[in-house]
There are 2 protein chains.
Amino acid sequence: MNEKCLKYDICPMILVQKIISGKWKILILWYLSYNTLRFNEIKKRLPYATQKMLTQQLRSLEKDKLIFRRVYPVVPPKVDYGLTEIGKRIIPILEMMHGFGAEYLEQGYGASVFQDFVTDEE
Amino acid sequence: MNEKCLKYDICPMILVQKIISGKWKILILWYLSYNTLRFNEIKKRLPYATQKMLTQQLRSLEKDKLIFRRVYPVVPPKVDYGLTEIGKRIIPILEMMHGFGAEYLEQGYGASVFQDFVTDEE
DNA sequence: TGCTATAGTACCCAAATAGATACTTGAAGC
DNA sequence: GCTTCAAGTATCTATTTGGGTACTATAGCA
């Protein structure tokens, strides 16, 4: 890389894009905004993410300081994850995203995005 | 794929993630939130995006109805891009992202994210 | 006659991301 | 002594994404 921002102004955007883009990151943050969760609890909520992907995304979020990882020295292993202080500052953004997504779906734009991704009514 | 949302509740999040993840999409939307811009004007603002990538991202945003593409039948070609009505609804999210990113940088968390991505003071 | 300008395509290769499957650890229960 | 549990790693392959270079159209200008 070795790129420079031409305007300081855009850097925060590039930053945010870097830390939240990733197939499962937004959803992981969204779930953790309610509770800290154990690894398998997150996994249950994301049945289409493989274990490897989940671990990878969690490590990346941890590296970026949005979540913490707490290991209990027991057998079998117990690990839980939660939002850090700076991580919690992202919750309002997630809520707005959710609101936007809902509006977008209500207005019927969703079809092209979810071609083979069926939504259950419930 | 052929996956189903187990909870309707999370679908809007998956949706948002799908439509805004992409190397340049957030920045393109951010620039277009001020003005409609011609292709080369966007290109100038994103000097590290290749023409191919830019075209690709613009097509994708257009497909998802967040931006419109207007072609003027002149030679040499003139095309401009702008936010649609639903696209404009995403501006407050971009603004919050920008605020979050700025705060994150101010608090010194940026180092790990921008290793080889130097920020100019200006 | 040939050059410039704008907004692209086409094609091929490299790199990053994602997925599938098997393996690990060590205590507890059968 | 074999299996189960939780939270992973390791390895290999497939798919998606990104990058580089060359090519296109057509009017106006020199």
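In this text, all values refer to a predicted model and were calculated from it rather than measured experimentally. Chain letters run A, B, ... following the sequence lines, proteins first and then strands; every chain starts at 1.
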TODO: With sequence neighbours excluded, tell me which residues meet side-chain hydrogen bond (donor to acceptor under 3.5 Å, both in side chains) with Lys25(B).
DONE: Ser60(B)
Open item on the list: So, OP1 or OP2 of dA7(D): does either fall under 4.0 Å of a side-chain N or O from Tyr81(A)?
Closed with: no
- [ ] Measure the acute angle between the ring planes of Phe39(B) and Tyr81(B), then classify it against the limits of 30° and 60° as parallel, tilted or perpendicular.
- [x] tilted
Task: Whole-Å gap separating P (dT17(D)) and CG (Leu54(B)) - done: 17 Å
- [ ] Could you state the atom-to-atom distance from CG of Asp80(B) to C1' of dG8(C) in whole Å?
- [x] 15 Å
Task: Remaining members of the apolar cluster that contains Val75(A), side-chain heavy atoms under 4.5 Å - done: none
Open item on the list: Measure CD/Glu41(B) against C1'/dA7(C) and give the value in whole Å, please.
Closed with: 13 Å
- [ ] Of all the heavy-atom pairs spanning Thr84(B) and Lys65(B), show the shortest one and how long it is.
- [x] OG1-O, 2.6 Å
TODO: List in chain and number order the residues that pass side-chain hydrogen bond (donor to acceptor under 3.5 Å, both in side chains) with Thr55(A), two or more places apart in sequence or in another chain; answer none if no residue qualifies.
DONE: none
- [ ] Quick one: list whatever passes ring pair (Phe, Tyr, Trp, His ring centres under 6.0 Å) with Tyr109(B), sequence neighbours left out.
- [x] Tyr104(B)
TODO: Report the distance from atom NZ of Lys78(A) to atom C1' of dT25(C), rounded to the nearest whole Å.
DONE: 19 Å
- [ ] Mind jotting down which residue pairs meet the salt bridge (charged side-chain N to carboxylate O under 4.0 Å, His left out) criterion with at least one end in residues 74-91 of chain A? Sequence neighbours excluded, please.
- [x] Arg70(A)-Asp80(A), Glu85(A)-Lys88(A), Arg89(A)-Glu103(B)
- [ ] Taking only the side-chain nitrogens and oxygens of Arg59(B), find out if one of them lies under 4.0 Å from OP1 or OP2 of dT9(C).
- [x] yes
- [ ] Report the residues that fulfil side-chain hydrogen bond (donor to acceptor under 3.5 Å, both in side chains) with Thr50(B), sequence neighbours left out, ordered by chain and then residue number.
- [x] none
Task: Nearest heavy-atom neighbours spanning Ile67(A) and Leu29(A) - done: CG2-CD2, 3.9 Å
- [ ] Using whole Å, report how far CD of Glu62(A) lies from C1' of dA7(D).
- [x] 14 Å
Open item on the list: In this structure, how many angstroms lie between the C1' atom of dG8(C) and the CD1 atom of Ile42(B), rounded?
Closed with: 13 Å
Open item on the list: Each nucleotide in nucleotides 11-24 of chain C should get exactly one letter: B, S or -. Can you fill that in based on protein heavy atoms under 4.0 Å?
Closed with: B------BBB----
Open item on the list: What residues from residues 66-77 of chain B pass a heavy-atom cutoff of under 4.0 Å to DNA chain C?
Closed with: Arg69(B), Pro76(B), Pro77(B)
Open item on the list: Whole angstroms only, please: what is the NZ-P distance between Lys44(A) and dC5(D)?
Closed with: 12 Å
Task: Length of the line joining Lys43(B):NZ and dG19(D):C1', which is rounded to integer Å - done: 14 Å
Open item on the list: Is there a side-chain contact between Arg38(A) and the phosphate of dA6(D), meaning an N or O under 4.0 Å from OP1 or OP2?
Closed with: no
